[in-house]
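Please find one structure pasted underneath; my questions will follow.
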4 protein chains.
Amino acid sequence: MTERRTGTRLRLFTAAVEVIAEQGYTAATVDAIAERAGVAKGTVFYNFGSKEALFSALLEHGIRRLADAMARADGTTGETGVADERDAGAGGGALEALDAVVMAQLRFFEEYGAFARVLLTEMWRTAWQDAVAMLREEALGVYAGVLRRAVSEGAVRADLDVETAATAVFGMVLTTSIERRALHPDRPIEQLHATLVDLLHGRVSGGPFTG
Amino acid sequence: MTERRTGTRLRLFTAAVEVIAEQGYTAATVDAIAERAGVAKGTVFYNFGSKEALFSALLEHGIRRLADAMARADGTTGETGVADERDAGAGGGALEALDAVVMAQLRFFEEYGAFARVLLTEMWRTAWQDAVAMLREEALGVYAGVLRRAVSEGAVRADLDVETAATAVFGMVLTTSIERRALHPDRPIEQLHATLVDLLHGRVSGGPFTG
Amino acid sequence: MTERRTGTRLRLFTAAVEVIAEQGYTAATVDAIAERAGVAKGTVFYNFGSKEALFSALLEHGIRRLADAMARADGTTGETGVADERDAGAGGGALEALDAVVMAQLRFFEEYGAFARVLLTEMWRTAWQDAVAMLREEALGVYAGVLRRAVSEGAVRADLDVETAATAVFGMVLTTSIERRALHPDRPIEQLHATLVDLLHGRVSGGPFTG
Amino acid sequence: MTERRTGTRLRLFTAAVEVIAEQGYTAATVDAIAERAGVAKGTVFYNFGSKEALFSALLEHGIRRLADAMARADGTTGETGVADERDAGAGGGALEALDAVVMAQLRFFEEYGAFARVLLTEMWRTAWQDAVAMLREEALGVYAGVLRRAVSEGAVRADLDVETAATAVFGMVLTTSIERRALHPDRPIEQLHATLVDLLHGRVSGGPFTG
DNA sequence: TATGAATGAGCATTCATTCAT
DNA sequence: CATGAATGAATGCTCATTCAT
């Protein structure tokens with residue numbers, strides 16, 4: 001693939017997320033995407049073959065980057081790199097990591113807010129099962145991993161439904177990211193982060209003594 | 001409005017949520033909606049004027065019912081009805097109410113799962129601002145009210161961003177409801193409820209002592 | 001036919017000419033006509049059976065009244081009622097009659113301007129052949145009759161194409177009536193009449209001596 | 001604009017006048033127009049954007065050609081090119097020009113009879129105000145100019161309402177052209193021309209001596 | 001005699017896709 | 001590699017007509 005072609009494809013990705021974030025997949029027209037990318041309509045089909053293929057590629061591209069960002073945040077949290085060496089005594093590793101991953105997700109959505117919207121609205125369509133599977137494995141997987149470690153550290157009750165909790169955290173961050181973008185775009189992201197980790201750490205309800 | 005007409009409109013509501021939940025607003029065709037409702041296509045336009053108006057009416061209808069269910073759950077939670085009489089000692093009023101409202105939202109989405117999908121995917125379109133405003137006021141408002149009571153009871157730190165927290169809880173319940181419907185439709189709803197209140201009450205992280 | 005029904009039919013005639021004058025036959029909807037007449041849509045079909053039948057009836061009704069007005073104007077112009085008794089010496093009867101008929105057509109279109117519009121735009125559709133035949137016979141027929149008398153009076157050259165000339169005069173009056181209604185609705189009708197008879201009597205070109 | 005595209009647009013013009021002449025603007029379907037032009041329906045919208053825009057463009061196109069033909073006929077009528085040098089003695093310039101313009105209008109409508117029909121039936125809709133303004137200025141303007149010259153030559157009484165007379169002549173030619181096309185399509189056009197100039201020059205009524 | 005809810009064929013318009021250049 | 005004119009199936013919407021009340 002030539003460099004020119006790669007550039008065209010990236011411009012189309014950017015244009016497509018924006019347009020699809022604004023209108024939704026079905027309502028977004030190839031014409032609008034091509035126009036925003038500054039190319040002719042035919043070029044979209046020359047490069048991707050179909051609107052659906054463009055969107056699939058775009059979803060995978062975005063999900064991989066999101067998952068990478070989250071995994072990176074998890075990986076840099078004072079962990080030893082060997083899972084079974086982590087424990088509750090190791091500086092509260094898992095819960096600290098949870099906060100870091102939440103922050104990474106927030107940051108990613110701050111930078112790629114349009115992608116957050118696309119994810120939220122299209123994630124549940126049966127059409128993109130592959131991409132969704134990837135999201136579940138790679139992005140939700142990071143949360144699940146963190147929570148599993150928290151269980152093994154004893155920081156969390158042993159019978160927690162880790163998969164569901166991962167989805168809950170992910171959905172909470174996703175929803176509030178979008179709301180922030182729509183309603184309070186210039187509030188510092190740290191503020192939102194503080195609210196969310198408060199909720200997650202029980203500093204809202206005051207913990208076990210009052211719950 | 002005749003009884004016949006009212007019946008037709010309700011049948012159209014039901015058909016429309018289902019089809020739109022499956023395909024999204026734009027991809028859902030009026031033809032498909034009419035067919036599922038068992039009426040002619042013209043009947044949709046005779047009754048609502050446009051696809052958009054049908055959807056607006058449907059959103060309002062659903063949001064009002066959801067908000068009612070949530071408010072009812074809040075209202076029946078051992079509260080005295082006089083705000084300033086509530087306190088942390090009164091059986092943990094606000095936090096107990098929070099659990100009840102979460103349960104109400106879960107139950108509503110269990111019964112009207114299609115509506116949950118529609119809400120999640122269409123809530124952010126600028127087109128439905130009125131409905132969204134209503135959702136924010138009436139449904140999110142219930143969570144905000146509960147959290148405000150929790151603040152005044154001292155069960156929650158005083159400077160919590162109540163609005164954002166309300167959105168976070170709502171989004172968490174919404175997201176997990178949809179996932180449950182897609183992946184584990186016959187798991188008892190109580191199980192999901194337990195996971196969520198664990199998260200919210202800090203029984204996940206072990207509360208302030210470990211967080 | 002009861003009186004109530006007759007009233008309904010007349011109200012529908014009036015409403016229909018107005019709406020059709022504004023929009024044209026095809027674009028005029030039965031809904032709009034019914035609404036302007038203050039009856040339900042079903043009533044139109046109850047009374048006329050179809051949109052087309054309503055329009056046919058309306059055309060005949062209007063054409064008959066126009067033709068009557070024109071014939072009356074012709075009849076009151078010092079003629080004896082016996083064609084062969086008229087001659088060029090009888091005070092220029094035919095040309096005087098021509099002026100009077102033009103005036104009658106102008107007056108009719110002043111009062112029923114909407115009908116003029118309808119006539120102009122729908123007269124040429126093959127759909128209304130019966131009505132058009134009637135127009136040709138009864139309304140254009142009056143002009144043709146006057147012109148034939150003018151020929152026999154010697155006031156007009158003998159080989160004039162009387163039918164074509166009748167159409168020309170009718171069309172001239174029709175066109176200018178509509179223009180007047182659109183552009184100069186409060187100019188006195190006599191002024192338009194003067195311009196037209198000037199054209200017809202050669203007082204424009206100054207007659208044979210200068211032409 | 002490519003040559004291919006220009007050709008498509010012209011084919012659509014031709015097809016559209018024909019279909020609209022037969023059915024009227026509203027009743028003419030884009031399907032029928034596309035089919036007659038031998039292109040797909042989408043091509044109409046690709047080229048003009050809407051049925052209304054196609055019709056507007058078509059009206060302007062036709063009116064400009066008509067006005068050109070009329071102006072050319074006026075321009076070639078033994079005039080010296082300097083307005084104030086024209087006078088009644090100069091071979092009856094203005095009235096001769098009037099005949100020539102009438103002939104030009106007749107010839108144009110003979111070649112583009114469908115356009116005559118379209119003009120007559122759609123000219124009065126408020127929707128096409130721009131085109132109508134153009135018709136008034138450019139086509140009726142030719143008649144008005146001729147008549148004004150006739151006034152200044154003294155061939156016509158000084159207080160003639162030149163605008164109205166222009167409309168009257170135009171309407172007369174238009175109406176009779178259409179009738180000829182419908183009833184006597186193979187009569188020579190010169191015969192119709194003779195009848196009309198007879199009317200206009202007072203050779204019908206015998207001029208001032210008998211009027 | 002009149003009504004208005006319901007119908008469905010028909011229409012203008014959109015848009016993903018193709019292909020000649 | 002890229003373009004944009006052309007396509008036609010699909011869609012939202014209109015409206016004359018029917019019919020139960």
Side-chain angles (χ1 to χ4, degrees), chain A residues 1-9 26-34 38-54, chain B residues 1-9 26-34 38-54, chain C residues 1-9 26-34 38-54, chain D residues 1-9 26-34 38-54:
Chain A
M1 189 174 316
T2 68
E3 251 180 62
R4 181 181 178 196
R5 184 157 181 189
T6 307
T8 301
R9 291 172 71 103
T26 312
T29 69
V30 174
D31 255 313
I33 293 170
V39 302
K41 196 203 312 217
T43 304
V44 177
F45 291 90
Y46 180 73
N47 278 280
F48 291 96
S50 75
K51 180 188 176 184
E52 193 174 323
L54 161 62
Chain B
M1 182 158 343
T2 65
E3 230 176 83
R4 182 181 180 199
R5 193 165 178 186
T6 306
T8 301
R9 292 170 74 104
T26 311
T29 70
V30 175
D31 256 315
I33 293 170
V39 301
K41 196 199 320 208
T43 303
V44 177
F45 294 92
Y46 179 72
N47 278 283
F48 291 97
S50 73
K51 180 187 175 185
E52 191 173 326
L54 161 62
Chain C
M1 191 174 313
T2 67
E3 250 180 60
R4 180 180 178 195
R5 184 157 181 189
T6 307
T8 301
R9 292 173 69 103
T26 312
T29 69
V30 174
D31 255 314
I33 293 170
V39 301
K41 196 208 302 223
T43 304
V44 176
F45 292 89
Y46 181 75
N47 277 281
F48 290 97
S50 74
K51 181 187 176 186
E52 194 174 322
L54 161 62
Chain D
M1 181 158 344
T2 66
E3 231 176 81
R4 183 182 180 198
R5 193 166 178 183
T6 307
T8 302
R9 291 170 73 103
T26 311
T29 70
V30 174
D31 256 313
I33 294 171
V39 301
K41 192 192 334 199
T43 303
V44 177
F45 293 92
Y46 179 73
N47 278 281
F48 291 97
S50 73
K51 180 187 174 185
E52 191 173 325
L54 160 62

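Reminder, nothing fancy here: chain letters follow the sequence lines and each chain counts from 1.
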In whole Å, what is the span from the OH atom of A/Y46 to the P atom of F/dA5?
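In whole Å, F/dA5 P lies 20 Å from A/Y46 OH.
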Which residues satisfy the side chain to side chain contact (heavy atoms under 4.5 Å, CB included) test with D/A40, sequence neighbours excluded?
D/T43
Who are the side chain to side chain contact (heavy atoms under 4.5 Å, CB included) partners of C/A53, not counting sequence neighbours?
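Partners of C/A53 by the side chain to side chain contact (heavy atoms under 4.5 Å, CB included) criterion, ordered by chain and then number, come out as C/S50.
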Under the rule for salt bridge (Lys or Arg N to Asp or Glu O under 4.0 Å), what residues qualify as partners of B/K51, not counting sequence neighbours?
none
Nearest whole Å is fine: how far is F/dC1 P from A/F48 CZ?
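Rounded to the whole Å, the gap is 14 Å.
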Which of these nucleotides, F/dA6, E/dA6, F/dA2, is closest to any side-chain atom of A/T8?
F/dA2
To the nearest Å, how far apart are B/R5 CZ and E/dT7 C1'?
14 Å
Polar-atom pairs under 3.5 Å, protein N or O versus N or O of nucleotides 8-12 of chain E: list them with distances, or write none.
residue, atom, partner, partner atom, Å
E/dG8, N7, B/G42, N, 3.4
E/dA12, OP1, D/A28, O, 3.4
E/dA12, OP1, D/K51, NZ, 3.1
E/dA12, OP2, D/V30, N, 3.0

Can you run down the salt bridge (charged side-chain N to carboxylate O under 4.0 Å, His left out) pairs that involve residues 41-50 of chain B, sequence neighbours left out, and say none if there aren't any?
B/D31-B/K41
When the distance from CG of A/L54 to P of E/dC15 is rounded to whole Å, what number comes out?
16 Å
Who are the ring-ring contact (aromatic ring centres under 6.0 Å, His included) partners of B/F45, not counting sequence neighbours?
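For B/F45, no residue satisfies ring-ring contact (aromatic ring centres under 6.0 Å, His included) once neighbours in sequence are set aside.
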Please report the closest heavy-atom contact between C/R9 and C/N47, naming both atoms and the distance.
NH1-O, 3.0 Å
Report the stems of DNA chain E as range-with-range entries sorted by first number; a stem here is at least three consecutive pairs, Watson-Crick or G-U wobble, both distances under 3.5 Å, and write none if there are none.
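The stems are E:2-21 with F:2-21.
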Can you see if the side chain of D/N47 gets near the phosphate of F/dA5 - specifically, an N or O under 4.0 Å from OP1 or OP2?
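For F/dA5, neither OP1 nor OP2 has a side-chain N or O of D/N47 closer than 4.0 Å.
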